[in-house]
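Note sheet for the following structure.
The shown structure was predicted, so the numbers you read here are calculated from the model rather than taken from an experiment.
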Amino acid sequence: MRDEIDRGGAGEPNSSATGNQQEPTANLVTAAPVAATDADPGATDPTAAAGSSEINGPPPAVGSISEAVGRASVSNVPEPQQPVDGHTTPESLESPSKPIIGGAVEGNDSQQPEASEPIVTQPELDSNGTRGDVAQEPKSEAATAPGPAGTLPLGEEKKSPQPSKASPASIPPGAAGPLNPERLRFLADEISRNVGQVQTEEVARLRTVTAALELAGAVRPPPDAIMSWFTNMSIVSAVRVFQSWRVFDTIPAGKGESISYADLAAKVDTEEAFLIRMSWMLSSTGVLRHIDPGRVAHTPTSMMLRENETMGSMFKIMCTNVVDVSTILPAYFDTYGRREPLGPAHIPTSFLAGRPELEYFELLNEDPNRIKLFMCAMAVAHRRVPTIGMYDMSWVLQRADQDPGRLAWVDVGGGNGHTVKVFREAYPGLRANQCAIQDLPEVLNEAQTQAESDDALRGVSWIPMNFHKDVPVKGALIYYLRHIARDYSDPVFTTILRNVAGALAPDSRVLVSEQLLAGTPPPVYAAFKDYAMLSLGGKERTLDQFGAVAAAAGLRVSGVFRDQATPHAVVEFALQE
Ligand SMILES: C[S@@+](CC[C@H](N)C(=O)[O-])C[C@H]1O[C@@H](n2cnc3c(N)ncnc32)[C@H](O)[C@@H]1O
């Protein structure tokens with residue numbers, strides 16, 4: 001379970017609620033902990049499980065790696081619909097099988113007592129300059145007494161479970177200070193402690209990856225480190241070529257199958273010797289498997305790069321948004337100034353496309369293939385990060401049950417409904433006719449077609465909207481925004497939140513599900529995601545930054561619910577009092 005109400009528990013500096021997690025040496029625990037990275041692109045992607053099987057064999061004896069590194073010398077380390085009123089169905093999507101039941105509830109707050117909430121305090125800086133916690137335990141009477149109408153007070157969520165003994169919260173940050181042999185030994189011990197459980201415990205796997213990445217970065221001499229960046233670029237480059245030549249689709253995918261380079265070259269219309277040379281970049285790095293003499297086979301990684309595979313789609317999106325954008329970023333900043341893109345238009349991706357006047361999603365929607373690719377990639381992104389388990393749904397389910405005519409769950413920017421599906425499957429009490437998925441009309445047209453055969457989505461409402469202009473369903477219990485905030489700059493996200501705020505009943509809550517940054521350098525994958533969002537004019541945020549945007553939109557942070565294994569969290573917002 002990942003449930004956690006952030007009330008000074010694990011993951012926060014100077015916390016006493018670290019449970020039975022293993023603590024690093026005393027001088028290190030005082031540093032602000034760094035949550036583990038979901039550094040492996042397949043972190044929660046079940047299709048990635050095969051890849052992890054490469055890590056096998058018995059775990060090394062504790063201390064064995066640290067003894068080795070202890071002897072190593074450390075070098076310098078360097079247009080929307082009208083508001084949906086009552087049971088009105090937007091005409092464009094009207095269908096008997098897709099009812100809109102958006103129960104407008106303005107004025108019904110007399111029947112819906114205001115919930116008690118976790119108290120949000122001003123964050124304080126600890127001695128490391130790191131923010132302390134923000135949400136305190138609700139007063140015990142509020143936490144134990146049901147609300148006057150028999151509802152659970154907001155904040156009576158489950159207590160944080162004890163973190164796993166391998167909770168990443170106890171990894172202190174390496175980036176906070178210069179590396180030293182003690183740090184290297186600590187990282188090596190982390191690997192030794194966790195490597196035996198990488199195939200069975202997600203947190204152990206994350207901790208191993210986090211420590212191994214930092215360790216590798218630390219022991220690599222700077223010239224090697226610099227050149228290694230280009231190694232990764234060359235893998236990307238070779239994969240792009242092989243994708244365009246359909247090499248991954250031509251290598252047989254059956255168990256134990258392989259193909260000779262000669263046959264493969266003939267099928268993809270190139271010369272055998274050149275194909276062999278091109279493939280070295282991928283077989284040397286474990287993407288393809290070379291078989292002596294003269295044959296090649298898939299690995300779990302290369303299988304994912306085939307046409308129409310979700311990870312292959314994600315790869316293509318990243319090639320545009322990260323690799324191609326990197327080539328024009330200097331020119332972009334020369335044109336727009338050395339500052340954060342404000343968007344929603346005039347962002348690096350639209351600048352790259354020669355259509356700077358367009359927003360990212362306008363750019364996507366111009367090309368049906370691109371929007372399909374994006375939706376496919378979203379399916380990967382959605383599996384790679386935690387969705388359920390952070391926010392306790394009990395009060396939502398209870399109130400939804402008490403008021404079956406009211407929408408309980410509005411997924412704002414919900415795409416093809418994959419997140420609603422996850423919630424409905426995890427919480428069968430969340431009825432389909434109390435859920436709505438709102439998105440751009442073009443996206444919903446595609447999404448509804450895809451969802452027709454999906455039992456979990458049958459009966460949900462599909463409501464076209466433009467969140468930059470309006471949020472058409474009023475008074476639902478929850479407005480859920482997952483991976484929306486990070487697509488936008490502060491001014492743009494403030495407008496979106498203000499539009500959501502305009503739809504709230506007094507007891508409604510907004511849930512923003514995103515990665516939460518701290519004030520210190522995050523794990524590398526978290527930093528990468530923030531950097532990658534730059535190309536869309538978006539950003540990842542700290543809790544303070546979320547608080548500031550919320551305040552400008554007429555909202556306040558009413559709770560923070562962190563995932564224990566990754567930097568992800570659900571930040572809950574309520575109307576300002
Ligand atoms: C990054 S995706 C997130 C999808 C989903 N919430 C998730 O977590 O997987 C952003 C979503 O916002 C939608 N979107 C973009 N611009 C929008 C707008 N102006 N109004 C409504 N939805 C929009 C996109 O179509 C897309 O489905």
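With T349 contributing its side chain and S535 its backbone, the two residues share a donor-acceptor pair below 3.5 Å. Listed for the S461 side chain is no donor-acceptor partner under 3.5 Å among the backbone atoms of I463. Between the side chain of D401 and the main chain of L397, no donor-acceptor pair closer than 3.5 Å is present. The main-chain N or O of A526 is found under 3.5 Å from a side-chain atom of Q515 such that the two form a donor-acceptor pair. Counting only distance, with no hydrogens or angles, the side chain of Q434 and the backbone of A400 share a donor-acceptor pair below 3.5 Å. In this structure a side-chain-to-backbone donor-acceptor pair under 3.5 Å is present from R556 to L575. With D439 contributing its side chain and G415 its backbone, the two residues share a donor-acceptor pair below 3.5 Å. Listed for the R509 side chain is no donor-acceptor partner under 3.5 Å among the backbone atoms of L504. Within the 3.5 Å criterion, the main-chain N or O of L342 finds a donor-acceptor partner in the side chain of S489. Using a distance-only test at 3.5 Å, with no hydrogens or angles considered, no donor-acceptor pair links the side chain of T494 to the main chain of A552.
With values rounded to the nearest 0.5 angstrom, Q545 atom CD is found 10.5 Å from E540 atom CD. Of the inter-residue distances, the one linking D403 atom CG with Q398 atom CD reads 12.5 Å to the nearest 0.5 angstrom. Of the inter-residue distances, the one linking L555 atom CG with Q576 atom CD reads 6.5 Å to the nearest 0.5 angstrom. In this structure, the separation between SG on C435 and CD1 on I478 is 11.0 Å, given to the nearest 0.5 Å. A distance of 9.0 Å separates CE of M533 from NE2 of H483, quoted to the nearest 0.5 Å. If you take CD on E201 and CG on L206, they are separated by 11.0 Å, rounding to the nearest 0.5 Å.
Counting only heavy atoms from C-beta outward, the side chains of L477 and W409 never approach each other to under 4.5 Å. Counting heavy atoms from C-beta outward, V471 and M465 have side chains that approach closer than 4.5 Å. Side-chain contact between K529 and P522 is absent, with no heavy-atom pair separated by less than 4.5 Å. Under the 4.5 Å side-chain criterion, counting only non-hydrogen atoms from C-beta, L516 is not in contact with P567. Between T320 and L352 there is a side-chain heavy-atom pair separated by less than 4.5 Å. Proximity of P472 to Q438: side-chain heavy atoms (C-beta onward) are separated by under 4.5 Å at one or more points. Taking 4.5 Å as the limit, every side-chain heavy atom of R562 sits out of range of all side-chain heavy atoms of V570. Residues V412 and L481 are in side-chain contact: their nearest non-hydrogen atoms beyond the backbone lie under 4.5 Å apart.
Remark: A532 pairs with V322, F528 by the side-chain contact (heavy atoms from CB on, under 4.5 Å) rule, at least two apart or across chains. When the side-chain contact (heavy atoms from CB on, under 4.5 Å) test is applied to Y531, the partners found at least two apart in sequence or on another chain are L329, L534. The salt bridge (charged side-chain N to carboxylate O under 4.0 Å, His left out) test applied to D324 returns R240, not counting sequence neighbours.
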query = side chain to side chain contact (heavy atoms under 4.5 Å, CB included) between L497 and V510: does it pass, once the steps are laid out?
reply = CA-CA 9 Å; L497 267 191; V510 183; 4.2 Å; yes

task = Take V443 and N365 through the test side chain to side chain contact (heavy atoms under 4.5 Å, CB included) and record every step on the way to the result.
result = CA-CA 8 Å; V443 173; N365 284 327; 4.2 Å; yes

request  = List the steps and the verdict of side chain to side chain contact (heavy atoms under 4.5 Å, CB included) for V571 and L511.
outcome  = CA-CA 6 Å; V571 185; L511 304 182; over 6 Å; no

ask   = Hey, mind stepping through N499 and D470 against side chain to side chain contact (heavy atoms under 4.5 Å, CB included) and telling me if it holds?
value = CA-CA 5 Å; N499 291 337; D470 186 30; 5.5 Å; no

query = Passes salt bridge (Lys or Arg N to Asp or Glu O under 4.0 Å), D507 versus R406? Steps please.
reply = CA-CA 12 Å; D507 66 341; R406 181 179 182 184; 2.8 Å; yes

request  = Show your reasoning for whether side chain to side chain donor-acceptor pair (under 3.5 Å) applies to T542 and D544.
outcome  = CA-CA 5 Å; T542 64; D544 283 349; 5.1 Å; no

message = Pair E214, R183 - check salt bridge (Lys or Arg N to Asp or Glu O under 4.0 Å), show working.
response = CA-CA 10 Å; E214 187 182 332; R183 176 72 187 168; 2.8 Å; yes

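Counting only N and O atoms by type, the side chains of Q402 and R399 include no donor and acceptor under 3.5 Å apart.
For R541 and E514, the salt-bridge test fails: no basic side-chain N is under 4.0 Å from an acidic carboxylate O. Between R355 and E362, no side-chain nitrogen of the basic residue sits less than 4.0 Å from a carboxylate oxygen of the acidic one, so the salt-bridge criterion is not met. Between D530 and R486 there is no salt bridge, since none of the side-chain N atoms of the basic residue sits less than 4.0 Å from a carboxylate O of the acidic one.
The minimum heavy-atom distance between V420 and V460, with the atom names listed, is CG1-CG1, 4.3 Å. The minimum heavy-atom distance linking A503 with V473 is given by the pair CB-O, 3.5 Å. Residues A476 and V410 share a closest heavy-atom pair of CB-CG2, 3.5 Å. Looking at every heavy atom in both residues, G475 comes nearest to S508 through C-OG, 4.1 Å. L430 approaches R424 most closely through the heavy-atom pair O-NE, 2.7 Å. Summarising the geometry of P464 relative to L444, their closest heavy-atom pair is N-CD1, 3.5 Å, with the distance given to 0.1 Å.
Using the six-membered ring where Trp is involved, F423 and Y480 have ring planes that are perpendicular, over 60° apart on the 30 and 60° scheme.
Aromatic ring centres of Y336 and H346 lie closer together than 6.0 Å. Aromatic ring centroids of Y488 and H468 lie under 6.0 Å apart. Taking the six-membered ring for Trp and the full ring otherwise, Y479 and F573 have centroids separated by 6.0 Å or more.
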